Amino acid sequence: MSATPAIEVKSARRTFRTSGGLFGTAREVVAVDDVSLAVPAGSVLGIVGESGCGKSTLARLILGLLPTTAGEVLVDGQRLDGMDRRFRAELIQPVFQDPFASLNPRRRIGDIVALPLVAQGKFAGAEIGRKVAEMLERVGLASDMAGRLPAELSGGQRQRVAIARALILRPRIVVCDEPTSALDVSVQAQILNLLAELRREFNLTYLFISHNLAVVEHVATEVAVMYLGRIVEQAPTAELFHAPRHPYTRALLASVLTPEPGLGVPDVGLGDILPDPANIPPGCRFHPRCPVAIERCGSVAPPLLAAAHSRVECHLAVAGAA
Amino acid sequence: MSEALLDIAGLRVTFAGGTAAVRGTAIAVNRGETHCLVGESGCGKSVSALAVMNLLARGASRSADRLRFAGEDLLSLSDTGMARLRGNRMAMIFQEPMTSLNPAYTVGSQMTEVHRRHKGSSRQVATDRAAEMLARVGITAPGMRLGQFPHQLSGGLRQRVMIAMALMCDPELLIADEPTTALDVTVQAQILRLLAGLQRDLGLAVLLITHDLGIVARVADRVSVMYAGEVVESARTNDLFARPQHPYTRGLLDCVPVPGKIRPGEPLGSIPGVVPRVRAGFQGCGFRDRCAFAMPECAAEVPRHAAGEAHDYLCRLAADWSGLRGAA
Amino acid sequence: MLRFLIRRLIVALLVAATVLTLAFALTRLSGDLAISIAGPNATQQDVELVRKAYGLDRPLIVQFGSWVGRAAVGDFGESYFFKQRVASLIGERMPITVTLGLVGLAIALAISLPLGVLAAAQEGRLADRIVQGITLIGQAMPSFWLGLILMILFGIRLGWLPVSGTGSWQHFVMPGIVLAFTAVPALTRLTRSGMIQALSSDYIRTARAKGLSRLSILLKHALRNAAIPVVAIAAVQLGFMLGGSIVIESVFALHGVGFLAWESIGKNDFPVVQAVVLVLAVIYVGLTLAADLVNAVLDPRLRGQ
Amino acid sequence: MTDIAVVSVTTAGPRRGWRSLGTWLGAAVVGITLFAAIFGPWLAPHDPFTQDLTRRLLPPFWMDGTDPAHPFGTDQLGRDYLSRLIYGARISMLIGIAVTITSGVIGIVLGVIGGFAGGKVDDAVLFAITCRLSIPVVLVALAVVGLLGSSLTLLVLTLGLLLWDRFAVVARSTTMQVRNLDFVAAAWCAGCSRGYILAREVLPNIASHLAVVATLEIALAILLEAALSFLGLGVPPPLPSWGLMIAEAKEYMFFSPWVIMIPGVALFVLVFGINLLGDGLRDLLGTGERS
């Protein structure tokens, strides 16, 4: 247990200022609020939550694309700010959601995949060409794809290109931000299988962000549930899916519609009030929607109950409710 | 059930560029039944629905062997005749609740206008009806909501407003085009539960378009699976999930990770290749390039086989090709 | 609302201050003002007298300070040539320019809005191509030349309209048309693209799915949203038209502010030029501010939560 | 029941043909003008400055009483109109291109910096654009030329300093759009420097928009030069600017309308051609107004 975690986030906080329309007053939105987590090397941490819960902001903090407002992010035990960009690139790489926005439409596939190598500035042209061809083949693309433009590729193929670009430097860590959300089911399965193979082959650590619980259950070894900028529950995958402790996790699991006919649509038990990151409720931030909230939830922030591998923030979890 | 409420046969839609988006689709939606049209992006499911409503963008051409709604021939109907049906006896809701409401007008104004147009009601009557419908879709304080603009509502609320608006004139048929795709999972479950409840209570016929087999399983009475502009398999829901016949349907079902059913780390089933764009004049089975069972004959006309009562599929393979799925 | 207004006012003041500085710098570009004012036949003594009389012997920073201080209260000094207070001079001429601008804007909107809506409704068809052809022609037409052509045609050949001067409303017809022509292409294109965007939006599909009439979809649902950017640009265009009226006023000898500025430039009458630049800039800023307010009325999303 | 009803038909085909016709027309006009501008001294039949007061206001070839040596006639000082027209093309093209380069450099630098940096820097750029827009262009250009005396260099500099707003607005908004796309984030994660990202990832993706703006600006600069010269404060006489030709001929226009028709039509056709070319470019590069 003494090994350095691949990713360690310590009390990270990130706020944004939004202009409230032409006449509204500017408001402060807390996207990530005092988040701490550690991802052991070689594991896959899945992060789930609804839109606006801060999961993508967290990914950007970990990639160093955004600075934290407070707290710090350590990648392989080193602080991100001030890290040499080339060194950082060899350590951690992203795969983004939208395969149409994540590739420069004006560059050829080969150049896109080669970009991290070029940025290193220490590889010769021939070596770059060889590595790119190898990598393209590894992600299941014909090497003649190198001469094509992104517009000539399908969504699934583009996502393979993005994966090739992310892995060409053989980084230790890959942050996957909803990598299959924009893809069709049949293609999603291809990409998920590819990501799983590559992880074994290159011994990668993944931070895997998704709103699709079934996908996260499939790929993650550990899952963190985010709600309004905070991790409300985190546990090993099997434990979280079989014995969820936070009512929000339970609601999320209840809303998964598995392809099993005859079960009907479940009642998730949440009200109509939707979370607003600019207006975070006092006490437990989930209490306005919580089906089991008690009086205390509206005023007192729930304590963090942490065990060796799991933790939860809920007043009612004290009793170990499952 | 004598005649289907919506009876479509041989529906074809071709786009200006020569893409054949829909190639001879046949769908029958019965009264009081939820019929799901499922498929991946670009398979022609949304285009089929828009073609039924005659809402295709300019540059798309529609033709059909048969297109009847409640016994009325939609093909011979004029634009005005069609407009009189739309929003009145057949209503439609869309995927993007954030952009589907006009940002410049209040919820009330947009809801009442449809009632006043089709029912010729007074402002007061229409407003009362709008408030009633908002309450019916589970919106609290409907009076206050009527005066609000769309941007003041969350996505889930807007989709509720869209549903309420669609039901203003008591339609017989509701076409819902991916109504929950843009919503969060918990809101999706809420909206689908609401739709299912309304369908039951009002005896609505619903044509629900989705790419999500989970939704299909939970809400559909009947399913039509579309691929490359064709309905490749159509069956009762239980039947389809228990005995899928078309290789594409089978592949699609294998692709979906089911919590608790697939061991983490184990590869998912997947279909190789990409969804094709089919040009006008394309012959044969649209799936043959990705199909493990493809043979040279698949490039010719493909027969439609029956696989039991009200279950048919478009493939050369005989119905007993696979036995029962999930029997193991 | 109040915060927004205050913020916009501060920006407006900063813009005015910047233009004020630029206007001052502009007049000092030429070197020795006193020589210019005194004229070509002046002796060294005359020049010195002028320098004293106009305070040009003081340090530049002092001159600037006094110009700013007086300009802030609307005192732009006295015209060298007209021997009249600049403020009252501008006050006399302004109504003509404003009338011209408003006539031009009214004509431009009366042409652009219907053309833009028509083109969008008929996108890709003959009517659309004709409208786009008209905007291209309008964009390429030199306004002063168009003015001359109209003068020959309507003023001389047909004799319908007066060629120059400001005596009656007829005097504003030709200049108004020419001025409108400078704004028609931009306004038409914007109306057209706004309408096309609106017509292809999801809420128009909803409106069609509701079975609304074509006219209601076009005019109630689409135009209302397409009009929002048009209002902003119309205000900006009015500002440009007031600034650009100098060309048209000189063609038609309309003695407005533009004509005044033109005369003053020819006469090296700097206080007038400075003042006109400043006044036009302030009017422009005011117009954009007004456009924001109108937009807020039209677009509920801008009103805030 | 096999009746087939076709509801609506495609309209995309003929439009493309129509559009490309316009683009070719525009390219032809611009090409011919450029040719005339470059090879003016060899093309012009006469010296454009030589006056011949005995042969004043000769009519052009389509009218009665023309002189075959002067196909477009002569002006009020007896100078050959065709030669002056050809030399005028030089002035127009020179001004159009030089002004656009000057204003393009200013506007693109400001816009890209504002759009890429965001925050306070962007506020400053926006403020600069607002200030620039509030300044009446014609008036200030006139005043500068009036004060400093007219010369070509001064005119180019003045217009260049005044016409950068559209470049800045477009560069800023497109840079902002591109900056927020994931491929820029991916390039950053790939370890690329800011300068590399700006030059290789952002600029190529906004270049087509800027090219369209450039054509519009060339047209605008040509029109403005003509207007300033018409008002007597543009190109210094006796240089044959088309605007100046119209101004000098104004007194004679009621009796010999062709003296203003010829340079005016030339001006109109050139600007029309440039705009056609710009529209064609817009279609070709897919930078529609709609997006």
Side-chain angles (χ1 to χ4, degrees), chain C residues 11 14-16 18-19 22-23 26-27 29-30 36 123-125 128-129 132 136-137 139-146 148-149 151-152 156 189-190 192-193 196-197 200 236 239-240 242-244 246-247 250-251 258 261-262 264-266 268 270 273-274 276-277 280-285 288, chain D residues 11-12 14-15 18-19 22 26 126-128 130-131 133-140 142-149 216 219-220 222-223 226-228 230-233 242-243 246-247 249-250 253-254 257 260-261 263-265 267-276 279 288-291:
Chain C
V11 172
L14 281 174
V15 170
T18 312
V19 176
L22 287 175
L26 183 69
T27 59
L29 277 177
S30 56
S36 317
E123 193 197 350
R125 303 204 185 135
D128 182 23
R129 277 184 230 134
Q132 289 194 281
L136 271 175
I137 289 172
Q139 253 182 327
M141 189 69 80
S143 57
F144 60 94
W145 184 64
L146 178 67
L148 296 179
I149 302 288
M151 268 162 109
I152 296 176
I156 308 299
R189 280 180 173 232
L190 196 74
R192 175 180 176 272
S193 62
I196 286 174
Q197 198 179 19
S200 64
V236 169
F240 290 164
L242 294 177
I246 186 166
V247 180
S250 70
V251 169
W262 186 49
S264 305
I265 290 168
N268 277 340
F270 308 112
V273 181
Q274 274 177 337
V276 173
V277 170
L280 286 176
V282 169
I283 289 177
Y284 174 85
V285 172
T288 53
Chain D
T11 51
R15 186 179 171 196
W18 175 277
R19 281 298 190 135
L126 257 185
F127 180 72
T130 312
C131 285
L133 285 173
S134 67
I135 293 170
V137 174
V138 185
L139 183 50
V140 169
L142 281 175
V144 171
V145 176
L147 280 166
L148 300 185
L216 292 172
L220 182 63
I222 288 174
L223 278 180
L228 295 180
F230 172 78
L231 291 174
L233 288 162
W242 293 347
I246 296 173
K250 208 171 69 177
M253 71 177 190
F254 294 124
I260 68 155
M261 286 309 284
V265 168
L267 192 57
F268 170 76
V269 169
L270 175 59
V271 174
F272 189 68
I274 295 173
N275 284 335
L276 274 180
D279 270 16
E289 305 165 74
R290 260 171 256 187
S291 55

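In the text below, chain A, chain B and the rest are named by the order of the sequence lines, each starting its count at 1. Treat the numbers as computed from the prediction; the structure is a model and nothing was measured.
Using a 4.5 Å cut-off between heavy atoms, Val277(C) touches chain D through backbone and side chain atoms alike. Contacts of Ala143(D) with chain C are made by both backbone and side-chain atoms, with heavy-atom separations under 4.5 Å. Contact annotation for Phe272(D): both backbone and side-chain heavy atoms come within less than 4.5 Å of a heavy atom of chain C. Leu14(C) touches chain D through backbone and side chain together, each having a heavy atom under 4.5 Å away. Heavy atoms closer than 4.5 Å to chain C are found in the side chain of Leu216(D), but not in its backbone. With a threshold of 4.5 angstrom between heavy atoms, Leu22(C) approaches chain D through side-chain atoms but not through N, CA, C or O.
Of the listed residues Pro136(D), Ala128(D), Gly243(D), the one with more heavy-atom pairs under 4.5 angstrom with chain C than any other is Pro136(D). Listed options Val11(C), Leu280(C), Val15(C) were ranked by heavy-atom pairs under 4.5 angstrom with chain D; first place goes to Val15(C). When Gly146(D), Ala219(D), Gly273(D), Cys131(D) are compared by the number of non-hydrogen pairs under 4.5 Å with chain C, Cys131(D) comes out ahead.
Here Trp145(C) pairs with nothing under the ring-ring contact (aromatic ring centres under 6.0 Å, His included) rule; sequence neighbours left out. Considering only residues two or more places apart in sequence or on other chains, Leu142(D) meets the side-chain contact (heavy atoms from CB on, under 4.5 Å) condition with Ile246(C), Trp262(C), Ile265(C), Val138(D), Leu228(D), Leu231(D), Leu233(D).
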Pair Arg189(C)-Leu136(C), side chain to side chain contact (heavy atoms under 4.5 Å, CB included): steps then yes or no = CA-CA 10 Å; Arg189(C) 280 180 173 232; Leu136(C) 271 175; 3.9 Å; yes
request  = Could you check Ile152(C) against Ile260(D) for side chain to side chain contact (heavy atoms under 4.5 Å, CB included), going step by step and ending with a plain yes or no?
outcome  = CA-CA 11 Å; Ile152(C) 296 176; Ile260(D) 68 155; 3.8 Å; yes
Candidate pair Tyr284(C) and Ile135(D), rule side chain to side chain contact (heavy atoms under 4.5 Å, CB included), full reasoning = CA-CA 8 Å; Tyr284(C) 174 85; Ile135(D) 293 170; over 6 Å; no
task = Go through the steps to decide whether Asp279(D) and Asn275(D) satisfy the test side chain to side chain contact (heavy atoms under 4.5 Å, CB included), and finish with yes or no.
result = CA-CA 6 Å; Asp279(D) 270 16; Asn275(D) 284 335; 5.7 Å; no
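Side chains of Lys250(D) and Val251(C) form no contact here, defined as non-hydrogen atoms less than 4.5 Å apart.
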